[in-house]
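By convention in this document, chain letters (A, B, ...) are assigned in the order of the sequence lines, proteins followed by strands, and residues within each chain are numbered from 1.
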Number of protein chains: 2
Amino acid sequence: MDRVRERESDATGAASPTQAAGSIKSAERVLDLLQLVASEPSDSLTFSDIRTRLDLPKSSLHGLLRVLTDRGFLTLDPENKTYRIGVRAWQVGQQFRFATQLASAANSHLSEARVELNETFQVAILDGVENVYVAKEESDQPLRLVSEVGSRLPAYTTGLGKVLLAGLSPSEVERRFKGRRLVKFTPSTVATREELEQQLESVRELGYAEDHGEFTEGVYCVAVPILTSTGSTLAAVSCSIPSARLPDVSSVRDQALRVLRKCATSISVSMGESIDSTPAG
Amino acid sequence: MDRVRERESDATGAASPTQAAGSIKSAERVLDLLQLVASEPSDSLTFSDIRTRLDLPKSSLHGLLRVLTDRGFLTLDPENKTYRIGVRAWQVGQQFRFATQLASAANSHLSEARVELNETFQVAILDGVENVYVAKEESDQPLRLVSEVGSRLPAYTTGLGKVLLAGLSPSEVERRFKGRRLVKFTPSTVATREELEQQLESVRELGYAEDHGEFTEGVYCVAVPILTSTGSTLAAVSCSIPSARLPDVSSVRDQALRVLRKCATSISVSMGESIDSTPAG
DNA sequence: AATTACTGTACGCATACATGAACACACGCG
DNA sequence: CGCGTGTGTTCATGTATGCGTACAGTAATT
């Protein structure tokens with residue numbers, strides 16, 4: 001999971017040595033801290049870990065951590081002196097209704113889906129050029145894909161992501177990828193912008209996307225969109241299957257697609273009236 | 001829901017006119033912003049709303065909002081120029097595992113509970129002297145208690161809260177309430193520290209708590225603790241019933257208790273190995 | 001006990017930030 | 001069309017804030 005840098009580097013190549021204009025140092029740092037602590041496993045971040053990771057002066061960091069802990073956005077585990085995300089941060093996050101509504105709409109349908117096909121199902125939304133996992137239901141087989149709700153992956157490397165990207169117009173896709181390099185995570189990762197656009201076009205026609213170990217080798221994945229009543233793509237559901245369990249791709253795919261399509265429309269219905277907006281930029 | 005101030009005022013009575021020592025202005029403001037936006041319904045906060053609520057200079061606020069929106073912690077709805085919580089804030093909040101694990105462990109059991117007794121069930125944890133709702137399952141009857149996951153209430157005013165407080169030692173309770181006034185929300189709200197401690201003692205003996213419209217009039221509520229294998233209180237489950245549907249309290253209470261106890265142990269088991277720590281101070 | 005490594009505290013200086021005021025832009029309304 | 005309101009931008013200035021250094025507490029190690 002650490003193959004992807006967490007903070008996507010600035011598209012505005014000009015990395016001034018001093019500071020990006022219009023930025024506020026301690027505001028940025030607060031967010032850096034929250035994201036850093038959120039990105040690491042629970043009991044791993046001690047004071048000096050943070051200090052080295054973010055390269056902040058000791059005294060400055062102390063002040064910031066004080067503010068964050070005093071207000072309950074972080075907590076300091078007194079045992080091993082590690083910092084974690086606190087209640088207040090969770091509370092704030094709960095108000096991102098788009099994710100919470102989607103997750104609660106999806107959960108029951110995902111477990112139904114898994115009853116029909118015992119593999120890992122996931123729901124994700126699009127944020128920029130990345131897909132963000134919002135809900136999941138894991139297969140109970142010993143060999144299975146495990147994932148984290150809240151994690152994000154480059155959209156062009158996953159079936160889920162391709163479905164989400166296919167929901168955008170080609171020009172919008174163009175805009176979002178402008179100036180970005182397509183990192184090759186595995187041999188089968190999409191390599192060029194052209195190849196991506198071709199694949200997206202085919203996704204738009206077929207109504208589903210696949211990926212053959214394009215981010216994680218040995219995992220096959222099919223995904224379909226979750227549409228609003230007006231036909232715009234709200235999110236996507238996917239089914240991930242270890243290639244080892246995949247003697248005959250096409251037959252499994254058809255079965256998975258049947259389950260996924262049912263699941264997607266169910267979720268779409270459950271979301272029903274509670275649609276407010278599309279995910280962030 | 002607006003009867004309670006969101007930011008619990010400082011226990012250190014000394015409110016200096018200038019600024020609390022050791023604080024960092026823009027860091028505090030970032031958190032103020034996140035909490036403010038999170039505390040209001042989605043489409044209500046425009047730029048000047050925020051400005052007046054937080055009483056910030058225009059130019060300063062612009063800078064902060066820029067940082068927050070650029071980094072995806074807030075989003076600006078271009079339609080009506082209102083600010084909302086963004087994906088990144090949600091992502092960070094997801095890492096407060098205690099809540100997310102509890103919620104996912106609870107959800108299925110809560111819906112089972114509701115099948116047995118068609119009323120509103122809730123799960124909450126303790127944060128300071130407040131209970132924070134983590135999961136819920138609403139009754140489908142027209143007259144029902146509706147609540148929000150992520151909202152918080154003074155613990156001494158709810159059955160849930162009393163169960164959670166009863167999980168602490170009397171001295172710890174003492175410490176947390178030191179210097180706090182017990183606001184009377186309804187005629188039946190607990191009025192004094194002594195009365196509260198008495199009730200808590202009785203909760204410790206009986207293993208459950210009740211409240212008779214002590215925060216919201218016309219709502220009866222029973223609650224039981226969710227315990228770890230070592231017997232410490234992890235959270236609490238409650239059942240809320242409109243008094244109008246409550247001809248004979250004791251019989252309904254017994255039924256509710258049966259359902260709640262079953263539910264609590266199920267959740268406790270589901271949490272199982274994934275216990276990491278108690279909620280924040 | 002003495003040593004080390006890590007966390008937390010205190011303080012004075014220079015810098016970078018918050019501020020207010022004034023201007024620019026868009027929108028809706030009379 | 002002119003007006004009002006809400007929003008976003010620019011810029012100069014004084015001051016709050018971030019920084020380095022130095023010191024204190026704590027825990028585990030030898």
Point to revise | Full working for side chain to side chain contact (heavy atoms under 4.5 Å, CB included) between A/Val134 and A/Phe98 | key: CA-CA 10 Å; A/Val134 165; A/Phe98 184 62; over 6 Å; no
Exercise for review: Mind checking side-chain hydrogen bond (donor to acceptor under 3.5 Å, both in side chains) for A/Arg51 and listing every partner two or more places apart, or none if nothing turns up?
Suggested key: none
Check your understanding: Got a sec, which residues hit side-chain contact (heavy atoms from CB on, under 4.5 Å) with B/Lys81, two or more places apart in sequence or on another chain?
Key -> none
Close N/O contacts between protein and nucleotides 20-22 of chain C (under 3.5 Å):
unit_1	atom_1	unit_2	atom_2	d
C/dG20	N7	B/Ser59	OG	3.0
C/dG20	O6	B/Ser59	OG	3.2

Review point. Atom NZ of A/Lys81 to atom P of D/dA27: distance rounded to whole Å?
Key: 7 Å
Revision key, fill the gap. Across all chains, not counting sequence neighbours, the salt bridge (charged side-chain N to carboxylate O under 4.0 Å, His left out) partners of A/Asp70 are A/Arg66
Review point. Rounded to whole angstrom units, what separation is found between the CG atom of B/Leu65 and the P atom of C/dA18?
Key: 13 Å
Practice item. Ignoring backbone atoms, test whether A/Arg29 places a side-chain nitrogen or oxygen under 4.0 Å from the OP1 or OP2 oxygen of D/dC19. Key: yes
Review point. Nearest-Å distance, NE2 (A/His62) to C1' (D/dA22)?
Key: 14 Å
Exercise for review: Sequence neighbours left out, what passes side-chain contact (heavy atoms from CB on, under 4.5 Å) with B/Ser44? Give chain and number order.
Suggested key: B/Glu40, B/Pro41
Practice item. Give the rounded distance in Å between these two atoms: NZ of A/Lys25 and P of D/dT17. Key: 13 Å
Check your understanding: Rounded to whole angstrom units, what separation is found between the CG atom of B/Leu68 and the P atom of D/dG8?
Key -> 14 Å
Practice item. May I have the distance from A/Arg51 (atom CZ) to D/dG18 (atom C1'), rounded to whole angstrom? Key: 15 Å
Check your understanding: Nearest-Å distance, CG (A/Asn80) to P (C/dC6)?
Key -> 15 Å
Exercise for review: Could you state the atom-to-atom distance from CD1 of B/Ile24 to P of C/dT15 in whole Å?
Suggested key: 20 Å
Check your understanding: Parallel under 30°, tilted from 30 to 60°, perpendicular over 60°: which one fits the rings of A/Trp90 and B/Phe96?
Key -> tilted
Practice item. Indicate whether OP1 or OP2 belonging to D/dT17 is found under 4.0 Å from a side-chain N or O atom of A/Ser26. Key: no
Check your understanding: Base, sugar-phosphate, or nothing: which does B/Ile50 touch, judged by heavy atoms less than 4.0 Å apart?
Key -> nothing
Revision key, fill the gap. The side-chain contact (heavy atoms from CB on, under 4.5 Å) partners of A/Leu168 (sequence neighbours excluded) come to A/Leu126, A/Leu165, A/Glu172, A/Val173, A/Arg176
